[in-house]
2 protein chains.
Amino acid sequence: MATLAEVAKRAGVSPATASRIINGSPKPVTEALRERVLAAVEELQYVPHAHAQSLARANRSAIGVIVHDVSDPYFAEITRGLQRVATEHGRLVIICNSYRDPARELEYVELLRAHQVAALVLAGSGYHDEDFTRALTGKLQVYEQGGGRVAVIGRHQHAGDAVVPDNEMGGYLIGAELYARGHDRIGVIAGPKLLTTTTDRLTGLRRAARERGRTLPARRIAYADFTRDSGAAAAAALLDAEPGLTAIAALNDSMAIGALALLRSRGVDVPGQVSVTGFDDMPVARDVTPALTTVRLPLAEMGARAMTLALDGVGGGGNRIEEVGAELVLRDSAGPAPR
Amino acid sequence: MATLAEVAKRAGVSPATASRIINGSPKPVTEALRERVLAAVEELQYVPHAHAQSLARANRSAIGVIVHDVSDPYFAEITRGLQRVATEHGRLVIICNSYRDPARELEYVELLRAHQVAALVLAGSGYHDEDFTRALTGKLQVYEQGGGRVAVIGRHQHAGDAVVPDNEMGGYLIGAELYARGHDRIGVIAGPKLLTTTTDRLTGLRRAARERGRTLPARRIAYADFTRDSGAAAAAALLDAEPGLTAIAALNDSMAIGALALLRSRGVDVPGQVSVTGFDDMPVARDVTPALTTVRLPLAEMGARAMTLALDGVGGGGNRIEEVGAELVLRDSAGPAPR
DNA sequence: TGGTTACCGGAAAGCCCTTGCCCGCCTGCT
DNA sequence: AGCAGGCGGGCAAGGGCTTTCCGGTAACCA
């Protein structure tokens with residue numbers, strides 16, 4: 001790999017001059033030299049050593065992003081928003097998948113701090129785990145004190161700014177819709193218990209129930225892991241435990257789609273016999289049959305806003321919180337309760 | 001941000017000793033010192049400056065990945081495989097989205113080279129563009145000469161190793177299947193003309209036609225851009241131009257799903273009146289109605305294999321090529337041609 | 001013509017870390 | 001008691017780049 005010194009030598013100038021030309025420093029340089037240097041750069045295919053550069057400049061340019069799993073459409077969509085804004089600002093994004101492992105999340109925070117990222121964006125639900133939360137908050141605070149910026153998506157606590165979708169309201173909307181359509185025995189396919197997203201959505205559902213003098217008994221809640229297949233399995237379990245269910249509310253679209261598949265395989269008509277709802281409004285939600293009634297979260301926008309918060313140092317270290325609304329999307333998978 | 005010097009000072013040792021303790025160098029160090037240093041690290045929340053470290057060590061550890069768009073399920077799946085292997089090897093992955101812009105792809109190669117990535121993985125179709133191809137090959141060769149490793153997924157030319165799905169065979173399988181079911185007037189929804197993936201799949205389709213003494217006239221080929229909505233639009237155009245079509249072969253699943261949606265909106269029965277096929281076997285393919293007949297590519301595995309090639313320096317700079325088979329997946333969206 | 005100013009280029013001091021080399025000191029042997 | 005041999009620790013030389021500061025030249029003014 002060519003170095004700056006080599007370029008300088010070839011162009012017959014000092015490294016200082018070469019550096020100034022290459023980086024377009026404000027310091028004026030004669031045209032003749034500029035051309036010689038640029039020619040040398042071209043011939044040697046010189047690219048500045050980014051590490052040496054950021055060491056010398058003490059500047060941080062990359063942005064670290066920690067998500068649960070990029071290949072999950074939920075995070076893919078958030079990431080799209082993040083990337084768009086980052087690219088507009090000429091920032092490189094380093095994406096890390098925690099695969100919902102709190103320990104790995106902590107490791108990645110360290111790793112990204114070591115890489116001198118200018119900002120850290122954590123996307124995805126927090127965990128119900130005191131120790132973890134404390135450890136994470138600690139690390140993030142240290143990072144912020146070191147001049148880093150932090151933005152989180154979809155979790156409450158912690159240092160830094162936050163973009164928070166109204167999961168509780170989303171759950172409420174689903175509940176309200178199902179009760180309004182006369183459903184009474186509603187099964188719920190929840191996500192992992194450990195995730196705050198799961199509890200928030202459940203809380204909304206419970207509030208809707210309570211307002212109508214109903215409850216959500218534990219036997220009608222099956223915990224799965226946000227994947228399609230776990231959703232199918234949970235639906236089977238719910239139905240086996242209580243064949244009289246008239247609706248199944250899944251706490252994300254993937255699991256709802258799994259439930260749909262299971263119901264189809266059992267010959268159950270949706271929404272004739274059982275209504276099904278999802279959550280998130282993934283692009284596929286409109287393409288399954290019946291099209292999924294669900295709750296929309298503006299995922300890409302949430303990503304974009306988080307990145308904007310992170311990049312825009314104003315209010316630096318502040319604890320700005322941007323709430324994002326949830327919106328009911330009515331399609332075909334939820335109908336009136338059968339009589 | 002704490003530096004090694006500060007840690008050393010606090011522990012009352014030289015930076016050299018601190019470094020050795022922190023990195024677990026083979027050089028033996030007294031237990032007492034070790035504890036003092038580790039305590040200092042803890043108190044100062046010290047994390048080694050990754051850039052300084054890699055500058056000093058002259059080692060490259062991160063891996064650069066360039067894809068068209070991570071939030072596209074096709075690439076999300078490939079990325080999952082890439083990440084898995086990278087993580088197993090303790091490598092950090094830097095993902096860049098080219099959004100199918102050749103110029104941006106070139107820029108990213110430079111950027112990643114500047115970041116001293118140990119290897120570069122390019123995923124996604126190549127382009128029919130001589131100048132671009134030459135430029136890219138040039139840059140990749142320079143990179144390899146500088147000791148970098150290159151692996152590409154789904155494109156032929158260039159330096160480095162390659163994992164190549166048999167797109168041509170996939171197209172052939174689709175064609176063979178449709179002809180076998182008696183279809184004659186087959187419309188094709190192709191991807192961007194510029195992409196080699198499009199041409200490869202089309203070539204397969206054409207070969208199937210030719211073997212049966214048929215052809216694929218240009219008017220029955222609509223070019224779209226691999227997205228669902230463009231697929232719907234292309235289906236509309238095909239049908240309007242030639243209402244008698246009995247089958248539509250989309251060159252990826254997203255476009256097939258768009259076509260499905262369009263046909264449903266027009267009240268056309270699939271597969272009763274028109275058969276539809278996809279390509280790639282995305283997870284959603286089995287959840288739409290009717291479930292999509294398509295061609296499976298083992299995307300995650302392709303990613304994993306490419307990363308393995310990239311990491312495994314043996315045969316360094318070699319031009320190893322791993323072919324990956326395509327496999328027909330029969331579901332419900334393709335039936336016999338109506339009489 | 002002498003002196004001032006402006007301007008351009010280079011020398012060198014870091015940025016933070018790793019590591020080869022050297023140097024004391026203690027141990028153990030003779 | 002004297003010496004070899006380890007062992008544990010520090011010194012200092014980079015690794016590639018930026019940037020401050022300084023010096024030399026040329027242009028300009030009086």
Side-chain angles (χ1 to χ4, degrees), chain A residues 1-38 40-41 44-62 110-111 113-118 146-148, chain B residues 1-38 40-41 44-62 110-111 113-118 146-148:
Chain A
M1 293 281 262
T3 71
L4 181 64
E6 289 167 31
V7 171
K9 189 167 163 198
R10 184 176 191 111
V13 300
S14 76
T17 305
S19 168
R20 288 194 268 256
I21 292 173
I22 291 169
N23 298 298
S25 111
K27 184 138 185 167
V29 175
T30 321
E31 191 55 29
L33 290 194
R34 148 168 286 106
E35 278 167 20
R36 289 222 306 274
V37 169
L38 294 181
V41 165
L44 296 174
Q45 286 278 334
Y46 169 75
V47 181
H49 191 298
H51 293 151
Q53 213 166 25
S54 75
L55 182 58
R57 284 191 185 143
N59 84 335
R60 303 136 159 241
S61 91
E110 299 277 82
L111 185 75
R113 189 151 76 87
H115 275 259
Q116 308 294 110
V117 292
Chain B
M1 293 283 263
T3 70
L4 181 64
E6 289 167 31
V7 170
K9 190 167 162 198
R10 183 175 193 111
V13 300
S14 77
T17 305
S19 168
R20 288 194 267 257
I21 290 173
I22 292 170
N23 299 298
S25 109
K27 186 137 187 171
V29 176
T30 322
E31 192 55 29
L33 289 193
R34 149 167 285 106
E35 279 167 18
R36 289 223 304 275
V37 168
L38 294 181
V41 165
L44 297 173
Q45 286 277 336
Y46 169 75
V47 182
H49 190 301
H51 293 150
Q53 215 166 23
S54 77
L55 183 58
R57 286 192 184 139
N59 83 336
R60 301 135 161 245
S61 90
E110 298 277 82
L111 185 75
R113 189 150 77 87
H115 276 258
Q116 308 294 112
V117 293

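Below, chains carry the letters A, B, ... as their sequence lines are ordered, and counting in each starts from 1.
- B/R57 is listed as a side-chain neighbour of B/N23, based on a closest heavy-atom distance under 4.5 Å.
- In this structure, A/L4 places its CG atom 13 Å from C1' of D/dT19, rounding to the nearest Å.
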Base, backbone or nothing for each nucleotide of nucleotides 6-15 of chain C, written B, S, -, heavy atoms under 4.0 angstrom, 5' to 3'?
-> --SBBB--BB

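- Side chains of A/I22 and A/L4 form a contact here, defined as non-hydrogen atoms less than 4.5 Å apart.
- The nearest whole Å value for the distance from the CZ atom in B/R113 to the C1' atom in D/dG16 is 15 Å.
- Counting to the nearest Å, the P atom of D/dC17 and the NE2 atom of B/H115 are 13 Å from each other.
- With a 4.5 Å cut-off on side-chain heavy atoms, A/Q53 and A/H49 do not count as touching.
- Under the 4.5 Å side-chain criterion, counting only non-hydrogen atoms from C-beta, B/V37 is not in contact with B/R34.
- Rounding to the nearest 0.5 Å places CD1 of A/I21 at 9.0 Å from CD of A/E31.
- Here the P atom of nucleotide D/dG14 and the NE2 atom of A/H51 are 22 Å apart, to the nearest Å.
- Distance CZ (A/R60) to P (D/dC17): 21 Å, rounded to an integer number of Å.
- Taking only side-chain nitrogens and oxygens, B/S19 never comes nearer than 4.0 Å to OP1 or OP2 of C/dC17.
- Counting only heavy atoms from C-beta outward, the side chains of B/L111 and B/H115 approach each other to under 4.5 Å.
- Between the C1' atom of D/dC17 and the CD1 atom of A/I21 lies a distance of 15 Å, rounded to the nearest Å.
- Between A/K9 and A/E6, every side-chain heavy-atom pair lies at or beyond the 4.5 Å cut-off.
- Close to C/dT18, at under 4.0 Å from its OP1 or OP2, lies a side-chain N or O of B/Q53.
- Spacing between atom CD of B/E31 and atom C1' of D/dG8 amounts to 14 Å, rounded to whole angstrom units.
- As a whole-Å value, the separation of B/N23 CG from C/dC17 C1' is 9 Å.
- Put simply, B/Y46 has a side-chain N or O that comes within less than 4.0 Å of OP1 or OP2 on C/dC17.
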